[in-house]
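What follows is a set of notes on a single structure, which appears directly below.
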Amino acid sequence: MTKRSIATVSLSGALDEKLRAIAAAGFDEVEIFENDLLSFSGSPRDVGQLCRDLGLAICAFQPFRDFEGMPEPQRTRNFARAERKFDLMQELQTELLLVCSNISPASLGGIDRAAADFHELGERAGRRGLRVGFEALAWGKHVNDYRDAWEIVRRADHKAIGVILDSFHALAPSFPVTAIQSIPADKIFLVQLADAPKLGLDVLSWSRHFRCFPGQGDLPVVAFMESVLATGYKGPWSLEIFNDQFRAGSAVRTATDGLRSLILLEDQLAKASVDALQPKAQSRGVGFIEFAVNETKATDLAVLLGQLGFRKTGAHRSKDVERWSQGGIDLVINCEPDGFAHSHYVTHGPGVCAIAVDVDDAGKTMARAEALKARTFYQPVGPGELEIPAIHGVGGSLLYFLESAGKNWDVDFEPLRSDASTDRLSVVDHISQSMPYDEMLSWLLFYTGILDLQRLPQMEIADPVGLVQSQALINGNQSLRVVLNGSSATRTLSNRFISEFFGSGVQHIAFSCDDIFAAVAEMRKRGASFLKIPENYYDDVEAKYGLDAETMSALRDNQILYDREGDGEFFQIYTHSFDERFFFEIVERRNYQGFGAANAGIRLAAQTREARPAGMPRM
Ligand code: MG
Ligand code: MG
């Protein structure tokens with residue numbers, strides 16, 4: 001069994017809060033960051049005791065800076081300083097000190113000089129039964145490559161001196177990781193793990209602000225860990241994440257995400273082993289989307305759905321719940337006065353309370369989700385009702401796993417006949433969820449860990465009052481697309497949605513069709529009305545793409561937006577927002593894979609014009 005660890009610096013809060021969150025998430029060990037200890041009111045003995053009470057071993061105390069290669073008198077002072085840290089470590093009851101490579105301009109180069117310093121430090125540590133690990137910082141003055149740190153450790157030739165490997169410091173500067181395989185396992189005292197998104201930043205700012213958990217970034221952490229495991233290393237896998245969002249967010253959520261990322265990493269490295277997770281089930285699209293509303297809003301929503309061409313196709317046998325369908329799309333309107341949907345409505349107002357994903361094996365998906373510490377959901381079902389396995393998803397909504405989408409309806413619903421021949425919309429194209437930016441990485445790991453979803457490149461979208469990050473996830477056969485929108489600017493529409501919805505949630509649902517012009521014409525005939533797009537936009541499209549006059553006037557007259565990538569074309573149109581909570585989008589894809597990111601700013605500006613000014617009370 002891997003020993004799973006995390007550095008206290010990765011989380012928000014006071015040291016005792018961090019430790020409790022780390023223990024609650026299920027970690028075995030912890031690295032105590034010196035600053036967390038210094039700013040804490042309890043003594044090192046208290047902290048050591050708290051860790052033992054919580055069942056957490058302390059795998060390292062860190063960091064000890066600017067040690068190797070110093071001239072006198074700093075050199076002598078450094079040994080005295082180290083002795084004081086050793087005292088403190090003995091009070092904490094931890095045996096490993098992390099020394100990171102020197103960044104002081106006063107430090108001197110020379111592998112042998114550094115090795116001699118470490119040999120002497122090893123003597124001092126060894127006398128107390130302690131050990132010292134040396135870590136190369138990517139921005140160290142003389143030592144910035146783990147291969148040099150290892151060479152210094154090798155020449156120091158002391159059993160109390162070893163090397164500490166950090167995936168960020170090896171991978172961010174693109175050092176080859178295969179050289180790790182030649183380090184003897186007993187000389188690797190600790191392995192620290194972090195991922196990071198690819199950014200054009202200097203490595204120090206990149207490390208200090210944008211590290212993230214393995215699987216959330218773009219670094220080849222799996223290849224790094226393959227090399228580590230090839231040595232026979234059996235020590236802890238310790239997450240060390242410096243990230244502004246993590247330090248602003250909830251310690252409990254961050255700790256849980258960290259553990260989930262380690263489980264996923266172990267799984268990627270242990271494909272065939274007995275403790276591997278259930279493989280990901282194959283997703284086959286959206287089974288249904290459920291809206292929680294009250295009776296008045298249910299009527300309004302039914303009117304809107306009717307205008308979009310949906311037909312009422314079922315009435316629940318015992319509950320105030322309706323099924324509305326079109327093509328392969330099923331929507332559920334739930335205004336039951338109790339149960340999960342009702343409590344969602346009370347907490348969040350009208351909106352999506354559940355999404356059912358159609359998968360080839362719901363049991364396998366649930367087992368995998370549970371192994372990844374997702375919270376499962378159970379609600380008592382009435383006699384003869386179908387129980388659908390579910391977990392808690394974004395913003396208190398549910399994620400159902402439906403194995404045989406379509407077959408569920410006859411059990412719970414009285415079917416109603418209607419004419420399907422006029423259906424224009426075919427399937428759910430994508431579901432877009434808004435969340436605070438600090439939650440985005442969390443839900444990214446959730447979706448990609450549990451389901452067979454891959455990340456598309458992250459996009460930045462300009463809202464009139466700030467930036468929104470947009471991360472699309474897609475499955476292999478493109479039947480399931482989820483878009484996560486995260487904003488940290490408080491007045492963006494995405495963030496206003498979050499504050500008014502009282503949490504994260506579905507902001508829009510896009511339906512696809514084969515002929516958007518015909519579909520929209522019929523919707524307008526039924527009374528539908530769409531978001532007003534400014535004339536300037538169409539002048540720009542005309543100039544940019546040179547479309548024929550007929551297409552241009554069809555776009556203009558219908559308020560349809562247009563985008564092109566390569567020879568692919570995309571058409572999209574938006575409804576007004578429903579009760580200021582969510583809206584629908586109709587799209588037509590012609591060999592086009594994106595989401596119309598080029599138009600998102602236009603859409604957001606148009607919606608902002610239609611929205612009640614920020615701070616105005618709801619009518
Ligand atoms: Mg480190
Ligand atoms: Mg969209």
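Note that the coordinates shown come from a computational prediction; the quantities given were computed from them, not determined experimentally. Read the numbers this way: they start at 1 and go in the same order the structure lists the ligands and their atoms. Residues: numbered from 1 along the sequence shown.
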Taking the ring centre of each residue, are Phe79 and Phe86 less than 6.0 Å apart? no
Intermediate values then yes/no, side-chain hydrogen bond (donor to acceptor under 3.5 Å, both in side chains), Ser5 and Asp28: CA-CA 6 Å; Ser5 167; Asp28 309 302; over 6 Å; no
Do the side chain of Glu29 and the main chain of Lys3 share a donor and acceptor less than 3.5 angstrom apart? no
If you check every N/O/S atom of Glu135, which is the one nearest the Mg ion (ligand 1)? OE2
Rounded to 10 degrees, the angle OD2 of Asp166 makes with OE1 of Glu240 at the Mg ion (ligand 1): 80°
Mind checking whether the Mg ion (ligand 1) has an N, O or S of Gln192 under 2.8 Å? yes
Nearest atoms (heavy-atom pairs only) where Phe246 meets Gln216: CZ-OE1, 3.5 Å
